[in-house]
Asks: 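Mind having a look at this structure? Questions to follow.
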2 protein chains.
Amino acid sequence: MRNARHPERNEIEVLSVMGALSDPIRVGLVRVLADGRERGWGELRAPVAKSTLSHHLRVLRDAGVTRTRQEGTRCFVELRRDDLDARFPGLLAAVLTAADAAGIGADVGLAP
Amino acid sequence: MRNARHPERNEIEVLSVMGALSDPIRVGLVRVLADGRERGWGELRAPVAKSTLSHHLRVLRDAGVTRTRQEGTRCFVELRRDDLDARFPGLLAAVLTAADAAGIGADVGLAP
DNA sequence: TTCGTCGTTCTACGAACATCGAACATCGAC
DNA sequence: GTCGATGTTCGATGTTCGTAGAACGACGAA
């Protein structure tokens with residue numbers, strides 16, 4: 001959003017990323033974004049209130065996991081895969097594989 | 001830990017592991033154990049009270065990150081590297097590399 | 001301008017967490 | 001049996017987290 005603080009690639013901290021990826025909703029969001037496509041905020045579906053979804057997206061953004069871009073009145077979210085892979089090689093892939101196998105965050109998805 | 005519950009390899013959950021590895025003290029403990037050697041409880045040094053250290057070791061154990069063995073009145077702790085690598089390939093290595101580079105948990109060590 | 005949409009922020013609350021000191025249980029040594 | 005060492009557990013405390021609803025600010029459309 002407006003005061004969005006996206007950490008630079010070399011400012012991304014592993015503890016923050018681990019913390020961000022220890023919640024099922026947030027892992028679900030990452031899974032949805034894992035195809036590399038940018039998604040509109042309103043496209044995202046999660047079993048939580050709007051304010052809670054905003055909170056989770058903020059945690060991901062602050063940790064450096066996602067990037068949020070504002071365009072007019074709406075936002076687009078994207079996974080910072082390149083930055084994460086460069087900084088923590090193998091981490092994202094490991095989490096995605098495990099989450100996929102366990103079905104974690106399966107209740108997070110996209111609008112029909 | 002007489003009632004120590006060590007999850008089986010296939011019971012280890014990625015969210016629990018991520019949560020366990022999102023605290024600097026616990027990451028420091030994992031770094032100390034990363035050489036694969038089993039360590040005595042009393043050998044471990046961390047800037048927290050004994051009860052707090054016990055708590056952190058329990059979190060790691062419950063998550064399946066470490067294994068605790070009791071021998072008489074003392075305990076020995078060990079990293080479950082094989083199980084973690086088998087279940088979440090690349091995860092532990094990624095975290096250890098990042099933690100090492102950032103000096104996370106550097107205040108955790110071994111008795112002289 | 002007025003209205004409605006979009007997403008954030010504020011406020012609040014219960015749950016979970018990190019922390020400590022004290023009390024406890026267990027075991028080996030004397 | 002008694003003592004000391006070793007970890008765990010309990011109780012308390014302050015903090016952080018996940019959650020929701022309400023209010024807000026920014027923008028586009030009518």
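Reminder, nothing fancy here: chain letters follow the sequence lines and each chain counts from 1. On a predicted model such as this, the values are computed, not experimentally measured, just so you know. Only this structure's heavy atoms are used, side chains among them; waters, hydrogens and symmetry mates stay out.
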Asks: Indicate whether OP1 or OP2 belonging to C:dA18 is found under 4.0 Å from a side-chain N or O atom of B:Arg26.
Replies: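 It does, given that an N or O in the side chain of B:Arg26 lies less than 4.0 Å from OP1 or OP2 of C:dA18.
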Asks: Report yes if at least one side-chain N or O of B:Arg61 is closer than 4.0 Å to OP1 or OP2 of D:dT8; otherwise report no.
Replies: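 For B:Arg61, the contact criterion (side-chain N or O under 4.0 Å from OP1 or OP2 of D:dT8) is met.
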Asks: Going by heavy atoms in the side chains, are B:Val65 and B:Val30 under 4.5 Å from each other?
Replies: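 Yes, at least one pair of side-chain atoms sits under 4.5 Å.
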Asks: In whole angstroms, how far is the P atom of D:dT16 from the CZ atom of A:Arg58?
Replies: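 One finds 14 Å between P of D:dT16 and CZ of A:Arg58, rounded.
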Asks: Quick check: are there more than 12 heavy atoms from other residues, nucleotides or ligands sitting under 6.0 Å from CZ of A:Arg74?
Replies: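 Open.
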Asks: Regarding A:His6 and A:Arg67, is there a side-chain donor-to-acceptor distance under 3.5 Å anywhere?
Replies: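 No pair is found: no donor N or O on one side chain lies under 3.5 Å from an acceptor on the other.
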Asks: Taking all non-hydrogen atoms of both residues into account, name the closest pair between A:Gly19 and B:Ser22 and its distance.
Replies: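 Looking at all heavy atoms of both residues, the closest pair is N-CB, 3.6 Å.
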Asks: How many Å lie between CZ on A:Arg39 and C1' on C:dC6, as a whole number?
Replies: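 So the CZ-C1' distance, A:Arg39 to C:dC6, works out to 19 Å.
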Asks: Do A:Phe76 and A:Arg39 come within less than 4.5 Å of each other through their side chains, counting heavy atoms only?
Replies: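 No, their side chains stay 4.5 Å or more apart.
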Asks: If I take atom CZ in residue B:Phe76 and atom P in nucleotide C:dC27, what distance separates them, rounded to the nearest angstrom?
Replies: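 So the CZ-P distance, B:Phe76 to C:dC27, works out to 15 Å.
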Asks: Under 4.0 Å between a side-chain nitrogen and a carboxylate oxygen: does that hold for A:Arg69 and A:Glu38?
Replies: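 Judged by the 4.0 Å cut-off on N to carboxylate O distance, A:Arg69 and A:Glu38 do form a salt bridge.
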Asks: Figure out the CZ/P separation between B:Arg74 and D:dG4, and round it to whole Å.
Replies: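 About 17 Å, once rounded to whole Å.
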Asks: Please give, in whole Å, the distance from D:dG28 P to A:Gln70 CD?
Replies: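 Interatomic distance, CD of A:Gln70 to P of D:dG28: 10 Å.
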Asks: Please convert DNA chain C into dot-bracket. A pair counts if it is Watson-Crick or G-U wobble with both distances under 3.5 Å; crossing pairs go in [ ] and bases paired with another strand get |.
Replies: ||||||||||||||||||||||||||||||
Asks: Taking the side chain as every heavy atom from C-beta outward, state whether A:Arg80 and A:Ile12 have any pair of such atoms under 4.5 Å apart.
Replies: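 They are in contact (side-chain heavy atoms under 4.5 Å apart), so the answer is yes.
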Asks: Find every protein N or O atom lying less than 3.5 Å from an N or O atom of nucleotides 19-21 of chain D, and list the pairs.
Replies:
| from | atom 1 | to | atom 2 | distance (Å) |
| --- | --- | --- | --- | --- |
| D:dT19 | OP2 | A:His56 | NE2 | 2.5 |
| D:dA20 | OP2 | A:Ala49 | N | 2.6 |
| D:dA20 | OP2 | A:Thr52 | OG1 | 3.0 |
| D:dA20 | N7 | A:Ser51 | OG | 3.1 |
| D:dA20 | N7 | A:Thr52 | OG1 | 3.4 |
| D:dG21 | N7 | A:Ser51 | OG | 3.1 |
| D:dG21 | O6 | A:Ser51 | OG | 3.1 |

Asks: What is the distance, rounded to the nearest whole Å, between atom CE of B:Met18 and atom P of C:dC17?
Replies: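 Going from B:Met18 (CE) to C:dC17 (P), I get 16 Å.
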Asks: Hey, are A:Arg9 and A:Glu11 close enough for a salt bridge, meaning a charged N less than 4.0 Å from a carboxylate O?
Replies: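 Salt bridge flag = no for A:Glu11 with A:Arg9.
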Asks: Measure CG/B:Leu15 against P/C:dC17 and give the value in whole Å, please.
Replies: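 Whole-Å distance recorded here is 12 Å.
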Asks: B:Leu21 CG to C:dC17 P: how many Å, rounded?
Replies: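 Rounded to whole Å, this separation is 15 Å.
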Asks: NE2 of A:His56 to OG of A:Ser51: how many Å apart, nearest 0.5 Å?
Replies: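 Here the interatomic distance stands at 9.5 Å.
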Asks: Does C:dT8 have OP1 or OP2 sitting under 4.0 Å from an N or O in the side chain of A:Ser54?
Replies: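 For A:Ser54, the contact criterion (side-chain N or O under 4.0 Å from OP1 or OP2 of C:dT8) is met.
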Asks: Within the pair A:Trp41 and C:dT8, is there a side-chain N or O less than 4.0 Å away from OP1 or OP2?
Replies: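 For A:Trp41, the contact criterion (side-chain N or O under 4.0 Å from OP1 or OP2 of C:dT8) is met.
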Asks: Consider the side chain of B:Thr73, meaning its heavy atoms from C-beta on, and name the nucleotide among C:dC6, D:dG7, D:dA5 that approaches it most closely.
Replies: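 Of the options given, the side chain of B:Thr73 lies nearest D:dA5.
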